[in-house]
Peer 1: 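Below: one structure in structure tokens.
Order of the sequence lines sets the chain letters (A, B, ...), proteins ahead of strands, with each chain counted from 1.
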Amino acid sequence: MSISGLLWQLFAIVLALALAPLLTGWVNQCRAWLQNRSAPPLLLPYYMLHKLFLKDVVLAHGASPIFRFAPFAVFGCMLLACAIIPVLSTDLPFAPAADTIALVGVFGLARIFISLAAMDVGTSFGTLGGRREMLVGFLAEPALLMVIFTLAMIAQSTSVATIVETLAHREFVIYPSLAFAGIAFTFVSFAENARVPVDNPATHLELTMIHEAMILEYSGRHLALIEWAASLKLYAYSCLGLALFFPWGIAQGDSFLGLLVAIPMLVAKLAIGGVLLALIETLNAKVRIFRAPEFLGTAFLFAVLGLLVRLLLESRV
Amino acid sequence: MPDLLPIDLLLIAACAWLAIGFAGIFAPRNLRFISKILFPLGAFVAVLAGLTSLTFLGGATETAVLLIGLPDLPFHLRLDNLSAVFVLLLGFASAGISVFAAGYFRQGEGAAPGLMCLQYHVFLASMLLVLLADDAYAFMVAWEGMALSSFFLVTTQHRQAEIRRAGYLYLLIAHVGAIGILLSFGVMTAGSGDYSFAGMRAQALPPFWGSAAFLLALFGFGAKAGLLPVHVWLPEAHPAAPSPVSAMMSGVMLKTAIYGLLRVSFDLVGTSIWWWGVVAMVVGLATAVFGVLYSTVQSDMKRLLAYSSIENIGLLAVALGLTLIFHAYRMEALAALAMTALLYHCLAHAGFKSLLFLCTGSVLHATKERSLGKLGGLIHRMPWVAWLALAGVIASAGLPPLSGFVSEWLLLQAFLFSPGLPHSWLNMIVPVAAAVVALVAALAGFAMVKFYGIVFLGQMREPALKEAHDAGPWERAGLLWLAALTLALGVLPSTVIGFIDAATTQLLGTGLADQVREHGWWMLAPISAERASYQPLVFLVTIVIAGLVGRALVRRLYHGRGRRSAAWDCGYVFQGPRAQDTAEGFSQPIRRIFEPMFRMERHFPTIRDEQPYYSVKVEDHFWHWLYLPLARLTNAVSALVTRLQGGRIAIYLLYSFLTLIVLLLVARP
């Protein structure tokens, strides 16, 4: 660990905080264009955050301290997740703090807090949202872990930085198992980020929503933090996917030049990723909640298939 | 004065517990004396026992022979590192439980306090002796002492028929299991007639008899631990017992069965065959999936936790199976990793499950209610219990940075290293097992959110809950102790592994301590930092700092204003407590997705009903597929036997006469 490494680590965190709402705004803009609507401004998420921070918090009478505590815990979890994932460089002082399995744990912790907060006020929609979130969670988590297992077996390590280094900076090998893992990861990240076809971020139709149902009672700065955390989650998942499946451009050491190249690479990759996300969301319809198990079951099967392909075909090579 | 060895100290601890127990008999109705003096004294002894084994760990094996027992087989006792790890668990977990119990037992609930005190401390002492026993006889005596004392504790409120039934079932399965253990010991003596464990170690069993001993032990100890299909007593007995007893049974007693399995399969049998591991793993996976699915659909908070214990025991069996597989192929470094996960999970589960059971005890006292459908919103009335329960819930859901995650992480790491097994079929099965473990861990989160959300959050489902009071000082102290253990096990994994590694090294010849120590106390990297690492403290501190800095910044840049108002809920007006999810409603997705796993009786309301109601009752398939047919068979056989009973003395004399003649014919010189 060096001072410059620490500085770059801090820079990566600040970059995550700054870029995450922009990514959300970009996806929303692309989706609006694809759906023939006039697009909202790119910076709308920032205006929203600013507006929400200005507003007073209105707490329900039945809200307990957990309700007020949860937004900060969720925000902290997502920030940690962004700090672990190698966005610009694989030389992260924070990387040894948590490997990929612990990363899944961070997302799990955030999910528990937000579900508990949703159940806290004791409204019908809150508990409904909490229950559905946990449903999606327990279906998505094993699939995500299986994807990670496949990658960990290729890299012989569960550390995110080592996986990325193995995939990006050693001799180029095509792994068929990565294709399966990539599909499964895409499915999982759609579900985890409350996107179509599992959830719809644009809807406020009570009976179909998951994420929005959970945060109905939030307002003011609490809501701002949760929204920010949600964009951080999308950013974290996008960066994780990019780092795992398209790792080119991520710097290996903390050389200034490598990092200077990494930043525009990251922005470009995120921009393309955002277009694809909007495209997939536009082409699909939201499914009924009880079709979500099928969707995520497919993801799980793909992930297991990837693992078996890895074990049966590639380990002989 | 001669130096007291740790084993002597532990024997003194056992005697002290017995003495404390019998002291209760002299003043059976004096609640103050018993709860404020005897139980804290018992907790003190427990802490001493825990500290003794902590100082012992890593030391040389000690033995002792007591002059009681059979004429030619006195009690052999032995303290080695494996025992010491479990004594540590017993001491530290029961200390918290005893302190809690000091504030828990009240006048007029079931048996007299003095009797409870006796049973409770005999239970503790016999668990300690189980861990120290070094011959089959002493082991079985202590084992039976444990079963009987806990039976009486379970049936404290024996005036309720349902509790008597639960106790009977517990006793029955405990004894069926004991037969399995006894037979396993019999096989391991290999006809030498030497029932000491040293004698069993000396025998080299052929594979067939070795397998027989292992399978019998798996059945016998499995019956105590709650492995499928001999798990049925667990969800009945745990809710029936008073909460400190449930905590003790779930947190500590189940681990003695795991101790027995480890003792037999790595120490006494002496050989190991790869398919033993597969059997243990498959049984463990089935148990874990079954346990977690059933725990998500329960409507009784203690039953929910009991099924969650079944799940955890299943995970322990999976870890045992993985260890056995690696051990059979002499991949000792990996076996050490899996065994560390196993021992770590024993400690973690003892902490968080005791904590959760004790929390249900406080809730039960405060509300007189065990059914989830009549609880809710208790965080407003019982903040201490609620916040401490949150620690248990997060640990139980296997989430960082608390204790449950560390063992899960180690177990998944062990799974990840499995490629390289010289058996392609195993190589394929093992990752699929890892997938199931991942599913179980995720489902455990669902069950825990249900438990916590419905008991402590939301609106109060009954008006009477407004009268609920928080736990008293003794109860709080016990809960705090266990929550602190859960946190310590979560953030100091390297230190803990440094202690328990002695047991791994003893059983497998190699451990993790060297690699773990290399990286300092704050970082867990069981193989190398390149491969995998986890720094729970950094993890915790980062989240806390990020949260706090976020809060400070928001308040500084903007403001911290807020006000209270009615809940929004999309403008929906009818926001009474009945509009929240019930326990049944919350688990509806699980019942729907995993429908074939449950035996359900449901009644749906129709529009024509005068008084529409909805009800769902979930039952265990095993009752109907296994236990009821078995019971019918037993009854039928018994009916045949009754024909022998004519009721006339002449017929009985005839039986004796015939027996005598047959014996004379057979036993002719």
Peer 1: Where on B/Arg555 is there a heavy atom nearer than 4.5 Å to chain A: the side chain, the backbone, both, or neither?
Peer 2: side chain
Peer 1: Would you mind checking which part of A/Ala73 comes under 4.5 Å of any heavy atom in chain B, side chain (CB onward), backbone (N, CA, C, O), both or neither?
Peer 2: backbone
Peer 1: Is the NZ or CZ atom of B/Arg592 both under 6.0 Å from the centre of the six-membered ring of A/Phe290 and within 45° of that ring's axis?
Peer 2: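 Ring-cation test returns yes.
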Peer 1: Please determine, among A/Phe113, A/Phe75, A/Phe138, A/Phe67, the option with the most heavy-atom pairs under 4.5 Å with chain B.
Peer 2: A/Phe138
Peer 1: Taking the six-membered ring for Trp and the full ring for Phe, Tyr or His, determine whether the centres of A/Phe53 and B/His559 are under 6.0 Å apart.
Peer 2: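 For A/Phe53 and B/His559, the ring centres are not under 6.0 Å apart.
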Peer 1: Quick one: of A/Thr100, A/Leu139, A/Leu145, A/Val104, who has the most non-hydrogen atom pairs under 4.5 Å with chain B?
Peer 2: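 Winner by heavy-atom pair count: A/Leu145.
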Peer 1: Which residue out of A/Leu79, A/Ile112, A/Leu116 racks up the most heavy-atom pairs below 4.5 Å with chain B?
Peer 2: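 Of the options given, most contacts go to A/Leu116.
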Peer 1: Is any side-chain N of the basic residue among A/Arg111 and A/Glu141 closer than 4.0 Å to the acidic one's carboxylate O?
Peer 2: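 The answer is yes: the pair qualifies as a salt bridge.
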Peer 1: Of all of A/Val58, A/Val160, A/Ile13, which one pairs up most often with chain B through heavy atoms under 4.5 Å apart?
Peer 2: A/Val58
Peer 1: Does any heavy atom of chain A fall under 4.5 Å from the side chain of B/Leu443, the backbone, both, or neither of them?
Peer 2: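 For B/Leu443, the contact with chain A is made by backbone and side chain together.
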Peer 1: Can you tell me if B/Arg564 has over 12 outside heavy atoms packed within less than 6.0 Å of its CZ?
Peer 2: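 Enclosed.
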Peer 1: Walk me through whether A/Arg131 and B/Asp581 qualify under salt bridge (Lys or Arg N to Asp or Glu O under 4.0 Å).
Peer 2: CA-CA 9 Å; A/Arg131 165 183 9 129; B/Asp581 264 14; 2.7 Å; yes
Peer 1: Can you confirm whether B/Tyr534 sits close enough to B/Pro400 that some side-chain heavy atom of one is under 4.5 Å from a side-chain heavy atom of the other?
Peer 2: yes
